[in-house]
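Step one of this worksheet: look at the structure below.
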2 protein chains.
Amino acid sequence: MPFKEMARLNKLIHEPARLAIMSALAACTMAEFLFLQELTGLTKGNLSCHLSKLEKAGYIAIDKKFVRKKIPHTTIRITPEGKMAIEQYWKQLDHIREVTKQWEKN
Amino acid sequence: MPFKEMARLNKLIHEPARLAIMSALAACTMAEFLFLQELTGLTKGNLSCHLSKLEKAGYIAIDKKFVRKKIPHTTIRITPEGKMAIEQYWKQLDHIREVTKQWEKN
DNA sequence: TTAAACTAGTTTGTATTATAAACCAAAAGA
DNA sequence: TCTTTTGGTTTATAATACAAACTAGTTTAA
């Protein structure tokens with residue numbers, strides 16, 4: 001029965017904003033804060049919060065530099081664990097959908 | 001750019017527990033409360049809350065009967081709007097993933 | 001026959017969370 | 001010099017998921 005599995009998807013990745021962030025990073029490998037904001041359409045505050053959660057989970061690494069020692073410049077890259085996590089997420093979702101289709105046929 | 005769209009998925013359906021409920025109902029057309037609970041593995045309270053939200057949105061219809069005028073017996077069925085909503089959801093998700101793949105190739 | 005336990009749920013409370021508003025330090029512009 | 005802009009972070013709020021507690025009735029057991 002696929003529905004229990006569905007009800008217990010990795011919520012850290014499943015949440016739409018973070019799914020967008022992780023998908024973008026899976027494609028880019030790394031991106032700057034403002035670029036990521038543009039890609040996802042999130043507000044800065046919102047993006048910042050979601051990034052913190054993803055970092056805490058070890059899915060991304062955040063690198064803060066200061067251009068000419070002054071202007072903050074934040075680069076985000078996906079970690080191997082993050083890459084695995086999102087690949088696993090899609091795989092699981094596809095699997096669940098496949099099983100659901102089978103289940104429908106009885 | 002697919003990521004904005006991803007960050008704005010229909011959250012009412014996207015939420016894992018409700019995605020499970022809607023998927024099960026899409027397959028069954030109708031189901032009893034306890035059967036749905038078994039399928040999804042949710043607690044009664046939790047299931048009850050999610051069902052209320054889905055009903056409020058017009059995605060499901062809840063029918064409460066009393067067996068021999070005594071024992072409550074709740075049947076839930078998916079409405080045409082609900083059916084459309086979940087089909088639309090999967091379609092949109094597939095589309096987003098497809099565009100993401102294209103986007104990766106540049 | 002009356003208390004205990006079960007059935008089929010609903011309501012209430014709590015803890016988490018997503019989100020935006022307010023904030024900050026530095027730099028650039030007027 | 002004062003204001004605005006840049007690149008974010010922190011704080012506050014509003015929504016939400018979730019489970020614990022409850023309800024109203026029924027069956028079982030003593």
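Hydrogens, waters and symmetry mates are skipped; everything else that's a heavy atom, side chains included, is used. To find a chain, count down the sequence lines: A is the first, B the second, and so on, and within it residues start at 1. On a predicted model such as this, the values are computed, not experimentally measured, just so you know.
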Does [N] have OP1 or OP2 under 4.0 Å away from a side-chain N or O of [X]?
X: A/His50; N: C/dT17; answer: no
X: B/Arg18; N: D/dT16; answer: no
X: A/Thr43; N: C/dT19; answer: no

Q. Starting at the 5' end of DNA chain D and moving along, which residue's nearest nucleotide shows up first, B/Gly45 or B/Glu15?
A.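 On the 5' side of the pair lies B/Glu15.
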**Prompt:** Relative to the 5' end of DNA chain D, which residue comes earlier, A/Ile62 or A/Ala7, by the nucleotide with the nearest heavy atom?
**Reply:**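 The residue closer to the strand's 5' end, by nearest nucleotide, is A/Ile62.
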To the nearest Å, how far apart are [X] [atom1] and [N] [atom2]?
X: A/Leu54; N: C/dT17; atom1: CG; atom2: C1'; answer: 14 Å
X: A/His14; N: C/dA18; atom1: NE2; atom2: C1'; answer: 14 Å
X: A/Asn46; N: D/dA14; atom1: CG; atom2: P; answer: 16 Å
X: A/Leu12; N: D/dA17; atom1: CG; atom2: P; answer: 16 Å
X: B/Leu51; N: D/dA17; atom1: CG; atom2: C1'; answer: 14 Å
X: B/Gln37; N: C/dT10; atom1: CD; atom2: P; answer: 11 Å
X: A/Lys64; N: C/dA26; atom1: NZ; atom2: C1'; answer: 16 Å
X: A/His73; N: C/dA25; atom1: NE2; atom2: C1'; answer: 18 Å

Side chain proximity check, [X] to [Y], heavy atoms < 4.5 angstrom:
X: B/Leu54; Y: B/Ile76; answer: no
X: B/Ser23; Y: B/Trp90; answer: yes
X: A/Leu34; Y: A/Lys44; answer: yes
X: B/Tyr59; Y: B/Ile21; answer: no

Nucleotide nearest [X] (side chain, heavy atoms from C-beta), chosen from [options]:
X: B/Ser48; options: C/dA18, C/dG9, C/dT10; answer: C/dT10
X: A/Lys11; options: D/dA17, C/dT10, C/dT19; answer: D/dA17
X: A/Cys49; options: D/dG8, C/dA8, C/dA20; answer: C/dA20
X: A/Leu34; options: D/dA17, D/dG7, D/dT9; answer: D/dG7
X: B/Lys44; options: D/dG8, C/dT10, C/dA18; answer: C/dT10

May I ask you to check whether over 12 heavy atoms, not counting those of A/Met84, lie within 6.0 Å of atom CE?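 Count not over threshold, so no.
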